[in-house]
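Each remark here refers to the structure printed beneath this line.
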Number of protein chains: 2
Amino acid sequence: MKAAAADQPAGNRRRSRRAGRPLAPVITADSIADAAIGLLDESGDFTMAQLARRLGVGASALYNHVTGKEEVLARVRELVSDRIDTDVFDSVPFFDALLVWARSYRDAFARHPATIAVFATTALDGAGRTTGMYERVVAAFLRAGWPEDDVMTTLVALEDFIMGAALDAVAPADMFQLRSPQDAPTLSRVTAAARRSPSGTRPAQASFEAGIEAMLTGLRVRLARLSA
Amino acid sequence: MKAAAADQPAGNRRRSRRAGRPLAPVITADSIADAAIGLLDESGDFTMAQLARRLGVGASALYNHVTGKEEVLARVRELVSDRIDTDVFDSVPFFDALLVWARSYRDAFARHPATIAVFATTALDGAGRTTGMYERVVAAFLRAGWPEDDVMTTLVALEDFIMGAALDAVAPADMFQLRSPQDAPTLSRVTAAARRSPSGTRPAQASFEAGIEAMLTGLRVRLARLSA
DNA sequence: ACCTGAACACCGTTCAAGT
DNA sequence: ACCTGAACACCGTTCAAGT
């Protein structure tokens, strides 16, 4: 009745590894984070059991490499932060760079909705890539002449909008598609008009562009006022 | 060994109710939503078991009144939406009203972080108070002369910012308090400057005010451009 | 109709046993 | 050090039994 253990070393399809320490580690903290981001991309969430299954180990094996799910999410955040473009600040004018940065920031997180709440509420722990991202953006604010004591306030305001837009990007397209339009005639009229409009872009996308444009317009005014 | 069942009818301290249908219903969909919002206020989250315990029933009893946790959250959203001030649109100029509305919107959700993601991603289902809130705000946009096919785009852009700010309001105050400041000297300098600044308001609050001001400034420009 | 209490499939995490 | 597999306390939800 015993199934033959015919696994190739590289294969992870079938379950067969006897208990005890393997000759070489099967997983690493990095491979765990990679697998997590894969699951996040595919289904928007992950469990420790799914993670372990994908890596071909038991769930408890994960805890030899990470302290728990929270650390996995923190590591995912680092990987996601890495996709945010901060190089633009060296090549184009400040406000133009801010627009590119904001778009890449929103896109990076819109693909991983499960990380948004964690990202927004977990403290930075030092030397990571997320900290590096902030360091470069803050430096750009200062080079643009932004008052030192207003940089964080403004940067976080921008982040608030970006995170809200990332959350919205995963909302159902028909959020405002009412069953009984007569209960909210004005809302129905306006959502219908939006659908007819020749935007081409998806609604969430259009709102992001409208919002970031308004915000940057307002921030130009703010900078002028604070500089005066 | 059997404990005496000495409960007052109104008391819900001790567990004692024999199986079978009670003479009068013990809970209702409304009392469930009320209890949920209480737990949300106290600890930022709730489980069906906690909800049942607070109501003095078994967890399975909840399912006689709601279909599941999702419905509970939807009902909480309705209660929260009810706290958003839309009356201002009748009493003060449009952009001033928008500011008051945005503040009350953010405050309503900042107290219930667990509902933010649900609110942002669940479709409206018709005749509720949330729909009513939208109906009144949309009407105000139109009265202010906003182009019909741009109302939803702009309203959602505002909501993106408000929701992001609500999420930020529950973030730890020391998010940017690095363990090793030398790894990010510019970021450290700027966060230190922000702490010294005589704002009086909390950082998340200051960012909300800066952001909504910038956004409304930008939207005034947008309205002028679209009207031209 | 509306409760209780047992049960189910799952969750994240711990830990002894094995190499 | 790093795996397996059993176990724990919990989660949301279902359902038979009781009135």
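Residue numbering restarts at 1 for every chain, and letters A, B, ... go by the order of the sequence lines.
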- prompt: Separation of B:N64 atom CG from C:dG5 atom P, in whole Å?
  reply: 14 Å
field: Side chain of A:M48 - closest among D:dC3, C:dG18, C:dG12
entry: C:dG12
query: Roughly how many Å is it from OH in A:Y63 to C1' in D:dT4, rounded to a whole number?
result: 15 Å
message: Rounding to an integer number of Å, can you tell me how far A:L23 CG sits from C:dG18 C1'?
response: 14 Å
message: Is the phosphate of C:dT4 approached by B:S60 (side-chain N or O, under 4.0 Å from OP1 or OP2)?
response: no
Nearest-nucleotide pick for B:R21, side chain only, options being D:dT4, C:dA1, D:dC2: C:dA1
Candidate nucleotides C:dG12, C:dT19, D:dG12, ranked by approach to the side chain of A:R18 - the nearest: C:dT19
message: Taking only side-chain N and O atoms of A:H65, does any of them lie within less than 4.0 angstrom of OP1 or OP2 on D:dA1?
response: no
- request: Name the pairing partner of D:dA7, where a pair is Watson-Crick or G-U wobble with both distances under 3.5 Å, or state none.
  value: C:dT13
task: Between A:A24 and B:T47, just flag the one whose closest nucleotide in DNA chain D comes earlier from the 5' side.
output: A:A24
- request: Can you tell me the distance, in whole Å, between the CG atom of B:L55 and the P atom of C:dC3?
  value: 10 Å
query: Is the distance from OP1 or OP2 of D:dC3 to the nearest side-chain N or O of A:R17 less than 4.0 Å?
result: no
- request: Find out whether the Lys NZ or Arg CZ of B:R136 is both under 6.0 angstrom from the six-membered ring centre of B:F89 and within 45° of the ring's axis.
  value: no
message: Could you tell me how far apart A:I27 (CD1) and D:dT4 (C1') are, to the nearest whole angstrom?
response: 12 Å
- request: Consider only side-chain N and O atoms of A:S31 and A:D34, and report whether a donor and an acceptor are under 3.5 Å apart.
  value: no
- prompt: Between A:A59 and B:A19, who's closer to the 5' end of DNA chain D by nearest nucleotide?
  reply: A:A59
Nucleotide of D:dT19, D:dC2, D:dT13 approaching A:P22 most closely (side-chain heavy atoms): D:dC2
- request: Give a yes-or-no answer on whether the side chains of B:R103 and B:Q205 include a donor-acceptor pair shorter than 3.5 Å.
  value: no
- prompt: In whole angstroms, how far is the C1' atom of D:dT4 from the CZ atom of A:R53?
  reply: 16 Å
query: Do B:E70 and B:R75 meet the salt-bridge criterion of a basic N to acidic O distance under 4.0 Å?
result: no
query: Applying a 3.5 Å limit to both distances, which nucleotide forms a Watson-Crick or G-U wobble pair with D:dG18?
result: C:dC2
query: What is the distance from CG of B:L51 to C1' of D:dC11, rounded to the nearest Å?
result: 14 Å
- prompt: With a 4.0 Å cut-off, would you call A:R77 and A:E71 a salt bridge?
  reply: no
task: Take atom CG of A:L62 and atom P of C:dC15, then tell me their distance rounded to the nearest Å.
output: 17 Å
- request: Between A:F46 and A:A61, name the one whose nearest nucleotide on DNA chain C is closer to the 5' end.
  value: A:F46
